[in-house]
2 protein chains.
Amino acid sequence: MEKQTITIYDVAREAGVSMATVSRVVNGNPNVKPSTRKKVSEVIERLDYRPNAVARGLASKKTTTVGVIIPNVTDLFYSSLARGIDDIASMYKYNIILANSDENREKEVQVLNTLLAKQVDGLIFMGSTIDETILKELRRTTTPVVLAGTVISEPDILSVNIDYLAATKEATELLLSHNRTVAVVTGPGEYEINKDHIVKGYKEALEEKGIDFNEDLVIQSEYTFKDGDKIVDLLLDAGATAVVVSKDEVAIGILNALIERGVNVPDDFEIITSNNSMLTQVARPQLTSIQFPLYDIGAVAMRLLTKVMNNEEVEEPKVLLPHKIFTRQSTK
Amino acid sequence: MEKQTITIYDVAREAGVSMATVSRVVNGNPNVKPSTRKKVSEVIERLDYRPNAVARGLASKKTTTVGVIIPNVTDLFYSSLARGIDDIASMYKYNIILANSDENREKEVQVLNTLLAKQVDGLIFMGSTIDETILKELRRTTTPVVLAGTVISEPDILSVNIDYLAATKEATELLLSHNRTVAVVTGPGEYEINKDHIVKGYKEALEEKGIDFNEDLVIQSEYTFKDGDKIVDLLLDAGATAVVVSKDEVAIGILNALIERGVNVPDDFEIITSNNSMLTQVARPQLTSIQFPLYDIGAVAMRLLTKVMNNEEVEEPKVLLPHKIFTRQSTK
DNA sequence: ATGAAAGCGCTAACAT
DNA sequence: ATGTTAGCGCTTTCAT
């Protein structure tokens with residue numbers, strides 16, 4: 001059985017006009033006499049003609065699809081960005097090809113190449129950092145690229161992100177207002193985001209208060225709630241009475257471990273976490289949290305991308321979105 | 001500035017062969033003399049030639065991309081399926097175009113049509129149910145379709161799902177072993193899944209125990225943890241001492257409300273929830289939960305789709321995946 | 001084993 | 001306002 005496709009040519013023949021005219025009405029070109037537009041539209045309706053986007057893409061060199069490289073759709077942080085991206089994309093009539101990378105450098109490069117082979121009109125890259133190899137690949141292509149939620153200092157690359165430094169600093173300041181010894185829990189790995197943003201924000205807050213920096217108060221976590229026990233050991237050993245945590249899962253692990261040891265939160269120990277996910281409201285006591293506008297990062301990144309794809313002027317290559325702090329029960 | 005694309009023709013000229021031969025080496029066709037294959041490969045490398053997937057798609061009528069309609073990427077249930085889909089898809093060299101539908105009928109139809117216009121080789125549809133309109137659209141196209149995580153009775157449509165009935169029945173039985181009055185909390189709306197699967201499984205368990213069905217023990221929720229208080233009122237009024245809940249968020253809302261009222265879980269009240277998400281481990285007491293193999297639903301659905309796309313034989317149009325129950329602290 | 005040539009379904013000048 | 005005609009970059013017979 002062969003799929004008998006109806007082409008623009010069939011419509012043209014049936015309507016007694018040329019392909020060009022059909023193409024014009026399909027694309028809403030104003031240069032068509034209303035009566036012939038009507039006639040063609042009827043034939044299109046009758047034959048149930050659907051334009052073939054692939055042919056259109058080949059002829060016009062525009063596919064109206066953008067590639068999205070995401071570490072893991074299952075991670076709420078990134079899926080929130082993805083949702084923002086898709087909403088704006090469909091608003092501008094684009095579709096997204098989504099590809100999981102697991103933040104694995106090889107996969108990232110491989111996926112990038114198949115996306116480019118598919119002639120996407122633009123590309124959004126997500127991931128906690130970006131590696132020199134991919135950067136090189138990105139610079140090589142003429143396809144517009146925007147990074148979303150990816151910390152990067154290169155000035156020539158468009159990106160939309162959160163001001164981790166400012167947020168961490170503010171949270172730290174808040175805790176320092178009734179604690180002398182405040183700790184910070186960062187993510188895993190040697191990423192720029194940890195030391196150049198989170199730890200730096202933490203340090204700046206200390207400095208302004210004239211408090212010496214103590215390395216033991218900076219703890220790296222693997223980003224899972226199972227780390228709670230271990231981290232609480234370190235926290236308590238270092239004499240901390242408050243902590244800024246960069247992931248909700250970890251914060252809740254810490255909270256649970258604290259409660260099990262009979263430490264009262266917030267009276268004896270204060271916690272500020274960072275994702276404002278449902279976990280913060282489900283916890284008892286509920287967790288005070290920084291809120292990052294995740295959806296907006298995606299939305300703004302996609303909006304930026306549409307501008308570049310349209311050769312519109314882009315004022316600022318680096319967009320930093322503002323955060324908020326939601327005060328709940330884990331702080332005094 | 002024009003993007004100077006290198007085509008198969010450039011490679012052919014440089015290598016002193018025909019386009020056909022280049023096409024053959026690109027596609028791994030064995031009918032090429034090793035020496036010419038080598039020569040062509042070198043030119044490809046040197047010119048940094050990348051096949052244009054759009055042109056290839058037009059010529060071959062295969063795009064190696066599949067459309068995925070998802071209610072909301074931000075919903076862990078569906079993003080888990082999506083991850084399974086993408087992993088298997090990329091294993092078979094497919095990419096996925098992901099489109100959020102919000103389970104909105106109009107969006108679903110609209111998205112379906114743009115996906116078909118983009119000539120996807122196959123389609124995976126997700127959503128708690130499927131409506132007659134879309135069903136009609138799906139039947140009209142010759143593009144293979146598989147439903148994932150969507151409850152549907154039509155026998156001619158391929159689908160991969162969970163056996164909600166069996167799972168609910170088993171959970172209910174477990175609770176009935178030390179409770180006389182067991183309730184069940186379903187999802188919102190008049191969906192087939194609620195009454196034909198969850199409630200039915202619940203009823204079957206009751207019947208086998210010879211217990212009369214009491215409508216007050218079936219509670220509909222909006223699927224948010226904020227419902228907890230309201231539901232606990234109903235639960236306690238109806239005299240229930242145990243409940244099977246079909247969403248973790250709701251279960252945790254119930255748990256928190258119970259604790260606030262001084263009801264001991266599990267001594268005075270038992271809970272079994274259904275998604276085995278991180279929430280179940282983060283809660284105190286930790287929640288006993290049914291586990292559905294979400295990733296596998298996606299993976300199996302995509303695998304099924306590859307078979308259909310390859311015109312391979314499909315034994316069983318409806319695949320039901322097995323569940324497990326993880327016993328934790330919210331049951332005796 | 002290799003080449004020639006005809007499309008795939010559409011867009012985009014260019015003509016009229 | 002409408003039609004003609006080249007392509008877009010590749011696959012795929014069909015020859016050789």
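From a predicted model like this one, the values you see are computed outputs, not experimental measurements. Here is how names work: the chains are called A, B, and so on, in the same order as the sequence lines, proteins then strands, and each is numbered from 1.
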Quiz item: With nearest nucleotides of DNA chain D determined for B/Pro51 and B/Arg24 from heavy-atom distances, which residue corresponds to the more 5′ nucleotide?
Solution: B/Pro51
Practice problem: Could you tell me whether A/Arg83 and B/Asp75 have a side-chain N and a carboxylate O separated by less than 4.0 Å? | Solution: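 Result for this pair is no, no salt bridge flagged.
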Quiz item: With a 4.5 Å limit on heavy-atom distance, are the side chains of B/Phe77 and B/Leu294 in contact?
Solution: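 Contact flag for B/Phe77/B/Leu294 side chains = yes.
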Quiz item: Can a side chain N or O of A/Ser18 be found less than 4.0 Å away from OP1 or OP2 on D/dG3?
Solution: yes
Once you round it to whole Å, what is the distance between [atom2] of [N] and [atom1] of [X]?
X	N	atom1	atom2	answer
B/Asn29	D/dC14	CG	C1'	15 Å
A/Met19	D/dG3	CE	P	12 Å
B/Asn31	D/dT11	CG	C1'	15 Å
B/Ile6	D/dC8	CD1	P	15 Å
B/Leu58	D/dG7	CG	P	17 Å
B/Asp10	D/dG9	CG	P	9 Å
A/Arg13	D/dT4	CZ	C1'	18 Å
A/Arg56	D/dG9	CZ	C1'	19 Å

Under 4.0 Å, heavy atoms only, any strand: does [X] hit a base, just the sugar-phosphate, or nothing?
X	value
B/Ser23	base
A/Val26	nothing
A/Asn52	sugar-phosphate
B/Val54	nothing

Exercise. Check every atom of D/dG7, D/dT11, D/dT2 against the side chain of A/Thr21 and return the nucleotide holding the closest atom.
Key: D/dT2
Quiz item: More 5' along DNA chain C: B/Ala59 or B/Thr36, using each one's nearest nucleotide?
Solution: B/Thr36
Practice problem: Pick out which of B/Leu115, B/Val145, B/Thr150 makes a side-chain contact (heavy atoms from CB on, under 4.5 Å) with B/Ile69. | Solution: B/Leu115
Quiz prompt | Other residues, nucleotides, ligands: >12 heavy atoms within 6.0 Å of A/Glu312 CD | solution = yes
Quiz item: Take atom NZ in B/Lys38; do more than 12 heavy atoms of anything else shown fall under 6.0 Å from it?
Solution: no
Quiz item: Of all nucleotides in DNA chain C with an atom under 4.0 Å from a non-hydrogen atom of chain B, which is the first and which the last going 5' to 3'?
Solution: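 Contact boundaries, 5' end first: C/dA1 to C/dG9.
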Kindly list each side-chain donor-acceptor pair under 3.5 angstrom involving residues 126-139 of chain B, sequence neighbours excluded, with atom names and distances?
from	atom 1	to	atom 2	distance (Å)
B/Ser128	OG	B/Glu103	OE1	2.9
B/Ser128	OG	B/Glu103	OE2	3.2
B/Thr129	OG1	B/Arg105	NH2	3.3
B/Asp131	OD2	B/Thr133	N	2.9
B/Asp131	OD2	B/Thr133	OG1	2.6
B/Glu137	OE1	B/Arg140	NH2	3.2
B/Arg139	NE	B/Asp156	OD2	2.9
B/Arg139	NH2	B/Glu154	OE1	3.1
B/Arg139	NH2	B/Asp156	OD1	3.3

Quiz item: Does any N or O in the side chain of B/Asp121 come within less than 3.5 Å of the main-chain N or O of B/Val66, such that one atom is a donor and the other an acceptor?
Solution: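 Answer holds: no.
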